[in-house]
2 protein chains.
Amino acid sequence: MQITRETDYAIRCVYYLAGKPDEVTMVDEISKEMCIPKSFLAKILQKLSRAKIVRSYRGVKGGFRLAKRPENISIDDVIKATEGPVAMNICAIDKKQCGFSDRCKIHPVWVSLRKDVEGILKNKKFSQFIA
Amino acid sequence: MQITRETDYAIRCVYYLAGKPDEVTMVDEISKEMCIPKSFLAKILQKLSRAKIVRSYRGVKGGFRLAKRPENISIDDVIKATEGPVAMNICAIDKKQCGFSDRCKIHPVWVSLRKDVEGILKNKKFSQFIA
DNA sequence: CATAACAGGATAGATTTTATCCGATAGAGA
DNA sequence: TCTCTATCGGATAAAATCTATCCTGTTATG
């Protein structure tokens with residue numbers, strides 16, 4: 001029922017970048033400031049990059065920068081980028097994963113809970129967190 | 001972000017027992033009816049038993065029965081019994097687990113989200129699911 | 001073209017999840 | 001009391017996932 005450490009790192013990373021949305025920041029700086037293992041963080045930033053949450057710049061003076069304004073990035077976006085859609089139970093995403101779904105009375109609980117949690121997380125934008 | 005298969009089994013198991021709250025049912029029957037590996041289910045039932053959600057009866061004609069009425073057992077109770085308190089991030093349960101909590105702007109998100117999810121889950125009683 | 005910094009694949013160690021097995025224990029009935 | 005049955009609980013193991021590192025390749029700057 002918990003987010004992984006990877007996702008926690010990813011959120012802290014985006015949080016850090018949201019503090020200076022117009023600068024290009026090196027992995028090394030984020031790593032040091034946020035206490036995240038550098039090589040692991042590099043992998044995480046690749047995922048965030050593919051999800052269009054950050055943009056990467058190669059070469060000398062390269063690094064990362066948010067790809068959108070902090071007010072357009074939600075916690076949900078970051079979770080989706082690192083570990084896929086939020087759900088308490090896989091059957092809430094894909095009914096076929098569970099042989100019981102059609103006659104299961106609990107299935108609707110997971111579906112509606114998922115909707116609620118997702119809604120809350122979608123509304124938490126990084127602009128709210130900037131110091 | 002997902003419940004474990006163990007918890008899913010536990011919920012299905014309690015759901016099954018809630019269908020006949022006055023009978024003592026053997027592990028073997030629950031196992032077969034709900035498609036849960038018997039030895040694994042036996043372990044799960046031990047946890048549910050320690051959590052006072054079910055009561056066990058040993059010996060010939062032994063088995064399990066709900067320890068309370070279905071209307072007094074929530075999905076949250078079962079999750080707590082198998083995998084501990086619901087939380088997206090451990091810092092929402094124990095601040096000390098995270099060196100950032102005091103100055104972390106995101107911490108309150110986890111705390112309030114946890115409260116919301118827990119509230120929803122506490123309100124889902126097994127009496128609502130009986131056919 | 002030398003250097004700095006990210007990209008991406010491979011890999012490995014740690015941890016957690018998902019089971020299974022077996023001797024012990026307790027209760028029902030003969 | 002004896003025996004059979006079913007749970008109890010500890011030990012263990014296989015599999016999956018998470019966490020992290022390394023190395024080679026690619027790109028951009030000056």
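The chains referred to below are lettered A, B, ... by the order of the sequence lines, with proteins before strands, and numbering in each begins at 1. What you are looking at is a predicted structure, and each value in this text was computed from that prediction instead of being measured.
- With rounding to whole Å, B/Met26 atom CE is found 11 Å from D/dT5 atom P.
- Residues B/Phe64 and B/Met26 are not in side-chain contact: their nearest non-hydrogen atoms beyond the backbone lie 4.5 Å or more apart.
- We find that CD1 of A/Ile90 is positioned 15 Å from P of D/dA16, with the value rounded to whole Å.
- Within residues 41-56 of chain A, the residues having any heavy atom closer than 4.0 Å to DNA chain C are, in order of number, A/Lys43, A/Gln46, A/Arg50, A/Ser56.
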Go through B/Asp76 and B/Lys124 one step at a time and tell me if the side chain to side chain contact (heavy atoms under 4.5 Å, CB included) criterion holds. CA-CA 8 Å; B/Asp76 185 63; B/Lys124 303 294 180 187; over 6 Å; no

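- By the 4.5 Å heavy-atom criterion applied to side chains, A/Leu45 and A/Leu48 are counted as neighbours.
- In this structure, B/Ser39 reaches the bases: a heavy-atom distance under 4.0 Å links it to at least one base atom across the strands shown.
- If you check residues 57-64 of chain B against DNA chain C, the residues with a heavy atom closer than 4.0 Å are B/Arg58, B/Gly59, B/Val60, listed by number.
- Note: CD (A/Gln2) to P (C/dT16) measures 10 Å, nearest angstrom.
- A/Lys20 has a carboxylate O that lies under 4.0 Å from a charged side-chain N of A/Glu29, or vice versa, which qualifies the two as a salt bridge.
- When hydrophobic clusters are built by joining Ile, Leu, Val, Met, Phe, Trp and Tyr residues whose side-chain heavy atoms come closer than 4.5 Å, directly or via intermediates, B/Val117 is not grouped with B/Val111.
- Regarding B/Phe40, its CZ atom lies at a distance of 14 Å from the P atom of C/dC21, rounded to whole Å.
- With hydrogens and angles left out, the side-chain atoms of B/Ser31 and B/Asp28 include no donor and acceptor closer than 3.5 Å.
- Aromatic ring centres of A/Tyr15 and A/Phe126: separated by at least 6.0 Å.
- Between A/Ile93 and A/Arg114 the shortest side-chain heavy-atom distance falls below 4.5 Å.
- The CZ-P distance, from B/Arg5 to D/dT17, rounds to 9 Å in whole Å.
- Side-chain contact check for B/Thr82 and B/Glu6: no donor-acceptor pair (N or O, by modelled atom type) lies under 3.5 Å.
- Between A/Tyr9 and D/dT19 there is no side-chain polar atom (N or O) within less than 4.0 angstrom of OP1 or OP2.
- Protein atom CD of A/Glu83 is 8 Å distant from nucleotide atom P of D/dC18, rounded to whole Å.
- Atom pair B/Asp28:CG and D/dA6:P shows a separation of 8 Å (rounding to whole Å applied).
- For the pair B/Ile3 CD1 and C/dT17 C1', the interatomic distance rounds to 13 Å; values are reported in whole Å.
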